[in-house]
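Just below is one structure, and these are the notes that go with it.
When a ligand or atom number is given, it counts from 1 through the structure's own listing order.
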Amino acid sequence: MPIDKLKNAIRDVPDFPKEGIIFKDITPILSTPDLFKTAIEQMLGGVRGKKIDKVVGIDARGFLFGTAMAMELGCGIVPARKAGKLPWNTISESYELEYGTATLEMHTDAIQEGDNVLIVDDLLATGGTSLAAAKLVDRLGGNVVDISFFIELAFIPGREKLAGYPVSSILKY
Ligand code: AMP
């Protein structure tokens, strides 16, 4: 079963980046070509048949999954970056973290009005990060066709936060 193989390769790192968090380390999958290929194939399965113009990859592990998917889909890849990293005109959305806030930015010309957009990140926890990305796409006139995650922490109500957007994930915990 591809799902079992993928799950077995994920390394749980307790208390990273802080106490009480079990960090899902996906680097063993990235460094094993057949596993990464399987992961991308599984994620593409969730959007098969949908017309997609742009993939938005979320800083930073979303870039890795998003780029691989965009290459297969034959569409552009757009980075949604942490504040202060993009060089040109940007729009931004701030969101709550456990302590304080964070901000995601996109270039104002990254999405064209009416573009069908697939948002990609490695992991869904609270949904705050991906909701900010979806709001950026909305503001630029894009149509969010799916928010695709490799991993979903289903014991956290991230999906509820993303209500109104289609959400898919491959590995659920
Ligand atoms: P959230 O905004 O709470 O949905 O958090 C999602 C972002 O934080 C993603 O970009 C993940 O890469 C990262 N993240 C949150 N929790 C974890 C975790 N337990 N393991 C690995 N990455 C995580």
Side-chain angles (χ1 to χ4, degrees), residues 3-32 35-36 38-40 42-44 46-47 54-70 77-86 90-107 110 117-139 142 144-173:
I3 298 295
D4 293 335
K5 270 190 168 179
L6 292 169
K7 272 197 167 180
N8 289 339
I10 288 172
R11 181 162 53 198
D12 284 356
V13 183
D15 300 323
F16 183 88
K18 55 179 175 247
E19 219 176 308
I21 304 278
I22 300 175
F23 193 88
K24 297 288 183 194
D25 178 16
I26 46 109
T27 60
I29 289 178
L30 298 176
S31 62
T32 311
L35 288 179
F36 190 44
T38 301
I40 296 304
Q42 292 286 322
M43 290 179 78
L44 286 167
V47 295
K54 298 268 169 52
V55 174
V56 168
I58 298 180
D59 202 343
R61 287 177 296 274
F63 299 162
L64 302 164
F65 289 88
T67 301
M69 290 178 78
I77 174 79
V78 169
R81 296 216 62 181
K82 304 269 168 66
K85 301 287 186 186
L86 287 170
T90 57
I91 57 167
S92 59
E93 279 286 337
S94 294
Y95 55 99
E96 301 288 319
L97 294 175
E98 200 177 345
Y99 300 101
T101 61
T103 302
L104 268 192
E105 295 183 338
M106 279 172 51
H107 275 155
V117 179
L118 168 66
I119 297 173
V120 176
D121 203 359
D122 67 325
L123 184 141
L124 171 62
T126 67
T129 314
S130 42
L131 181 61
K135 286 179 178 172
L136 291 173
V137 172
D138 287 343
R139 283 170 57 195
V144 178
V145 297
D146 196 49
I147 309 180
S148 302
F149 300 94
F150 180 49
I151 298 171
E152 175 176 357
L153 301 183
F155 54 86
I156 303 173
R159 249 180 211 262
E160 288 166 27
K161 192 170 230 160
L162 297 173
Y165 295 101
V167 172
S168 59
S169 67
I170 304 306
L171 306 183
K172 296 173 180 64
Y173 292 88

**Message:** Strictly by salt bridge (charged side-chain N to carboxylate O under 4.0 Å, His left out), give each pair with a member in residues 55-68 just once, sequence neighbours left out.
**Reply:** Asp59-Arg81, Arg61-Asp122
Which N/O atoms of ligand 1 sit under 3.5 Å from a protein N/O, and at what distances?
unit_1	atom_1	unit_2	atom_2	d
ligand 1	2 (O)	Gly128	N	3.4
ligand 1	2 (O)	Thr129	N	2.9
ligand 1	2 (O)	Thr129	OG1	2.5
ligand 1	3 (O)	Thr126	N	2.7
ligand 1	3 (O)	Thr126	OG1	2.6
ligand 1	4 (O)	Ala125	N	2.9
ligand 1	4 (O)	Thr126	N	3.1
ligand 1	4 (O)	Gly127	N	2.7
ligand 1	10 (O)	Asp121	OD2	2.8
ligand 1	12 (O)	Arg61	NH2	2.6
ligand 1	12 (O)	Asp122	OD1	2.7
ligand 1	12 (O)	Asp122	OD2	3.4
ligand 1	19 (N)	Ile22	O	2.9
ligand 1	20 (N)	Lys24	N	2.9

**Request:** Please name the pair of heavy atoms, one in Ala134 and one in Val144, separated by the smallest distance, quoted to 0.1 Å.
**Result:** O-CG2, 4.2 Å
**Prompt:** In terms of heavy-atom contacts, does NZ of Lys85 have more than 12 from other residues, nucleotides or ligands at under 6.0 Å?
**Reply:** no
**Asked** With a distance cut-off below 6.0 Å to the six-membered ring centre and an angular limit of 45° from the axis, does Lys7 pair with Tyr173 as a cation-pi contact?
**Response** yes
**Request:** Decide if atom CD1 of Ile156 counts as having more than 12 heavy atoms of other residues, nucleotides or ligands within a radius under 6.0 Å.
**Result:** yes
**Prompt:** Do Asp12 and Asp25 have side-chain heavy atoms sitting under 4.5 Å apart?
**Reply:** no
